[in-house]
Amino acid sequence: MVQDVKLVIFSLGLQAAIGIMIAMMAAGKMNGRNDYKPASVASALLGTIGFLAFVFYLGRPAFIFNAISQFSHSWLSRVLVFSLLFIGFAIIHAVVQYVNPAIKRFGWTAGAVGLIDVIFMANVYMSTSRPGWQSIVPLIDFLAVTMVLGIALFWTIQLSGTDIKNQKMYGLIGLSSAVILGVVTFLNYNGFDTQTTGLLLGIHLLLFLTGAVLLFIPSLKPAKEQTGSGRMAMVYIGTAALGGGLMVSRYLFYAVLITGSGL
């Protein structure tokens, strides 16, 4: 169980960091703003925490060098290399934001590298012999989680830095990704009759859907209804619920031996 939790922290931490970076850079481009410093730091920090979780998962830090050395034929090795590249560019971007916020090349590079990294993460599982993973399901799951977590955490960290237009657009993207992810998760695990799996699936759907409703639905309303302390409270609660639901579903992803046909 402890090992599965480390993998959960690794994958969700990096995907959240990558999602924040993409959401932040896109918002900066549309708004013409440069003042997303807290989000920059959060992206670099979450990426670092996620990678360290995988180091502890391996048991010995020296094993990382062995894993990275298999780049030419190992999807996991590619994930580790691109994760390190993303973290490096994210840290540089965060530092540069406090020196010259107008410089964005490191952030855009980090976002591009991170997106490739998410695709590589999915391929780690799509290339295995487990029936539930031999499909496009892991790729849909990881990309949707990246978008949902990225938008949710970006709003939570820097709500005042996003204008109403962006909130509506991000809300639509986040809600669409949440619906897709909820359907994929339900179909992929609903076939298991074990009591534990059913309980965890129910907890996931309750937390995840509650968080998605609180976080994304209000952003689609008229601008005057989106402001105030009440809206900020809904963002915080929604993000916490959504994050908890995603942790449960990702634990299922790692802990449950997928032997059914899946989607």
Indicate yes or no for a side-chain donor-acceptor contact from N100 to the backbone of V96 under 3.5 Å, with no hydrogens or angles considered.
-> no
To the nearest 0.5 Å, what is the distance between [atom1] on [X] and [atom2] on [Y]?
X    : Y    : atom1 : atom2 : value
M147 : I22  : CE    : CD1   : 6.5 Å
S43  : I91  : OG    : CD1   : 10.0 Å
I136 : M126 : CD1   : CE    : 6.0 Å
W155 : M234 : CH2   : CE    : 11.0 Å
S176 : L181 : OG    : CG    : 12.5 Å
S83  : F120 : OG    : CZ    : 10.5 Å

Start with the C-alpha distance between I237 and L215, add both sets of side-chain angles, then the distance that settles side chain to side chain contact (heavy atoms under 4.5 Å, CB included), and finish with yes or no.
-> CA-CA 8 Å; I237 296 172; L215 191 61; over 6 Å; no
If you compare all heavy atoms of [X] against all heavy atoms of [Y], which two are closest, and at what distance to 0.1 Å?
X    : Y    : value
A90  : A110 : N-CB, 4.0 Å
A152 : T239 : O-OG1, 3.5 Å
A212 : A178 : CB-CB, 3.9 Å
I103 : Q97  : O-NE2, 3.2 Å
L153 : A16  : CD1-CB, 3.7 Å
A17  : G47  : CB-N, 3.4 Å

Among L246, I20, L46, whose side-chain contact (heavy atoms from CB on, under 4.5 Å) with L149 holds?
-> L246
Among L80, L14, V79, I9, find the residue that satisfies the side-chain contact (heavy atoms from CB on, under 4.5 Å) test when tested with F54.
-> L80
Over 12 foreign heavy atoms within 6.0 Å of CZ, F71 | yes
For the pair F216 and V148, evaluate side chain to side chain contact (heavy atoms under 4.5 Å, CB included) and give the outcome as yes or no after the intermediate values.
-> CA-CA 10 Å; F216 299 127; V148 170; 4.3 Å; yes
Would you say the side chain of [Y] lies within less than 4.5 Å of the side chain of [X], judging by non-hydrogen atoms?
X    : Y    : value
L242 : L207 : no
Y251 : H204 : no
V41  : Y98  : yes
M30  : M169 : yes

Does the side chain of S249 pick up a donor-acceptor pair with the side chain of T185 at under 3.5 Å?
-> no
[X]-[Y] co-clustered via ILVMFWY side chain contacts under 4.5 Å:
X    : Y    : result
V213 : L172 : yes
L209 : V183 : yes
I217 : Y170 : yes
I49  : F56  : no
L52  : I87  : no

Are L7 and R250 close enough, and set up right, to give a side chain to side chain contact (heavy atoms under 4.5 Å, CB included), and what steps lead you there?
-> CA-CA 9 Å; L7 285 177; R250 189 54 57 85; over 6 Å; no
Geometric cation-pi criterion, R78 with W75: 6.0 Å, 45° | yes
Which is it for F142 and F253 under the ring pair (Phe, Tyr, Trp, His ring centres under 6.0 Å) test, yes or no, and what are the steps along the way?
-> CA-CA 11 Å; F142 285 14; F253 183 87; 5.5 Å; yes
For side chain to side chain contact (heavy atoms under 4.5 Å, CB included), just list the numbers for M21 and H93, CA-CA rounded to whole Å, side-chain angles, deciding distance to a tenth of an Å, and then say yes or no.
-> CA-CA 10 Å; M21 183 64 71; H93 176 72; 4.1 Å; yes
Would F82 and F89 count as a ring pair (Phe, Tyr, Trp, His ring centres under 6.0 Å) if you check the C-alpha gap in whole Å, the side-chain angles of each, and the deciding distance to 0.1 Å?
-> CA-CA 10 Å; F82 272 72; F89 283 118; over 10 Å; no
Are the ring centres of Y254 and Y125 closer than 6.0 Å?
-> yes
